[in-house]
Amino acid sequence: MTHTLMDLPFHENALEPYISKETLQYHYGKHHAGYVNKLNGLIEGTVYADMELEEIVKKADGGIFNNGAQVYNHNFYFNGLCTKDTTSPSKELLSLFERDFASIEAFKEIFLETAAGLFGSGWVWLSMDESGSLVLESFSNAGNPLLSGHTPLLTCDVWEHAYYIDYRNARADYLEKWWELVNWDFVSANLAACTQ
Ligand code: FE2
């Protein structure tokens with residue numbers, strides 16, 4: 001199967017001024033598209049050629065894992081964004097934040113601290129573990145919770161290409177603004193799907 005670049009669920013200028021149209025033109029239009037193209041080239045004629053993306057991420061290594069996971073992670077990241085102040089967390093999600101992190105404010109603080117402190121390029125995730133607890137995980141490069149057997153709910157991309165045009169080296173400033181653009185409908189729906 002040929003993997004295709006997802007459609008962005010918003011206009012390229014919908015996240016301005018926090019994430020600019022120019023950033024999206026590079027991040028989505030060049031980087032994300034590049035991972036999709038590289039993945040398609042690498043899997044041709046291999047056992048991965050007919051696998052769904054999630055299966056590739058779970059089974060592959062090397063370049064096929066790196067590019068497949070970057071496609072998966074970016075799909076998750078872009079689907080997890082929306083125009084500021086248009087969504088809010090479900091009651092179920094809020095109660096799990098209270099149970100597992102004390103509050104959504106406490107979760108925000110530890111999530112952004114972890115993202116700011118991740119050395120180099122990588123991803124920070126909120127996911128659900130086998131016991132039904134919310135967990136915060138960070139991974140270098142293309143890592144993601146599927147490899148831990150967890151169900152991903154939300155991710156933040158902390159590769160420099162996600163913020164360098166708008167924020168230069170000020171990752172913490174990007175993270176504060178990213179938080180305001182989280183699509184809580186997407187996160188709440190992911191939670192509902194894994195707790196049914
Ligand atoms: Fe990225």
Side-chain angles (χ1 to χ4, degrees), residues 3-43 53-54 56-58 60-84 108 111-127 136-148 150-184 186-187 190:
H3 299 273
T4 53
L5 179 63
M6 65 177 272
D7 292 324
L8 277 184
F10 41 74
H11 291 297
E12 283 184 328
N13 60 1
L15 309 181
E16 290 190 332
Y18 294 169
I19 294 178
S20 67
K21 179 177 177 179
E22 186 183 2
T23 287
L24 287 175
Q25 286 173 334
Y26 279 89
H27 195 186
Y28 167 75
K30 304 286 185 192
H31 292 281
H32 193 180
Y35 295 126
V36 173
N37 291 337
K38 280 186 203 149
L39 177 66
N40 283 325
L42 288 169
I43 61 175
L53 185 59
E54 197 167 316
I56 291 176
V57 173
K58 288 177 178 170
D61 54 18
I64 294 179
F65 168 77
N66 287 335
N67 286 280
Q70 284 294 77
V71 174
Y72 179 91
N73 295 357
H74 282 91
N75 290 350
F76 220 93
Y77 173 75
F78 288 122
N79 280 322
L81 293 172
C82 67
T83 309
K84 181 176 167 1
K108 174 191 172 185
F111 190 96
L112 297 196
E113 265 179 27
T114 302
L118 177 59
F119 185 76
S121 298
W123 297 82
V124 181
W125 297 80
L126 170 69
S127 47
L136 191 167
E137 296 169 291
S138 68
F139 300 98
S140 294
N141 301 321
N144 70 54
L146 296 178
L147 303 181
S148 328
H150 297 163
T151 304
L153 303 176
L154 168 71
T155 193
C156 183
D157 185 348
V158 295
W159 284 57
E160 278 191 344
H161 67 218
Y163 60 86
Y164 202 81
I165 291 170
D166 297 326
Y167 299 92
R168 298 302 174 191
N169 61 326
R171 185 190 284 182
D173 293 347
Y174 154 69
L175 294 170
E176 282 291 337
K177 299 305 184 190
W178 167 83
W179 177 264
E180 297 194 38
L181 302 173
V182 169
N183 181 347
W184 291 109
F186 175 73
V187 186
N190 291 333

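Order of listing sets the numbers, starting from 1, for every ligand and every atom in it. In this chain, numbering begins with 1 at the start of the sequence shown.
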Enquirer: Excluding waters, which protein N, O or S atoms are within less than 2.8 Å of the Fe ion (ligand 1)?
Expert: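 Protein N, O or S atoms closer than 2.8 Å to the Fe ion (ligand 1): His27 NE2, His74 NE2, Asp157 OD2, His161 NE2.
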Enquirer: Under the rule for side-chain hydrogen bond (donor to acceptor under 3.5 Å, both in side chains), what residues qualify as partners of Asn75, not counting sequence neighbours?
Expert: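 Scan of Asn75 (side-chain hydrogen bond (donor to acceptor under 3.5 Å, both in side chains), adjacent residues dropped) gives His32.
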Enquirer: Heavy atoms, side chains only, cut-off 4.5 Å: are Pro9 and Phe186 in contact?
Expert: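 A side-chain contact is absent here, since even the closest heavy-atom pair is not under 4.5 Å.
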Enquirer: With sequence neighbours left out, what residues match His31 under ring pair (Phe, Tyr, Trp, His ring centres under 6.0 Å)?
Expert: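 In terms of ring pair (Phe, Tyr, Trp, His ring centres under 6.0 Å), with neighbours along the sequence ignored, His31 is linked to His161.
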Enquirer: Using the test salt bridge (charged side-chain N to carboxylate O under 4.0 Å, His left out), find all partners of Glu176 that sit at least two apart in sequence or belong to another chain.
Expert: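 Lys108.
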Enquirer: Which of parallel (below 30°), tilted (30 to 60°) and perpendicular (above 60°) describes His74 and His27?
Expert: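 Ring orientation, 0 to 90° scale: perpendicular.
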Enquirer: I want to check something: taking the side chain as every heavy atom from C-beta on, are Tyr167 and Tyr18 in contact at a cut-off of under 4.5 Å?
Expert: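 Result yes, sub-4.5 Å side-chain heavy-atom pair found.
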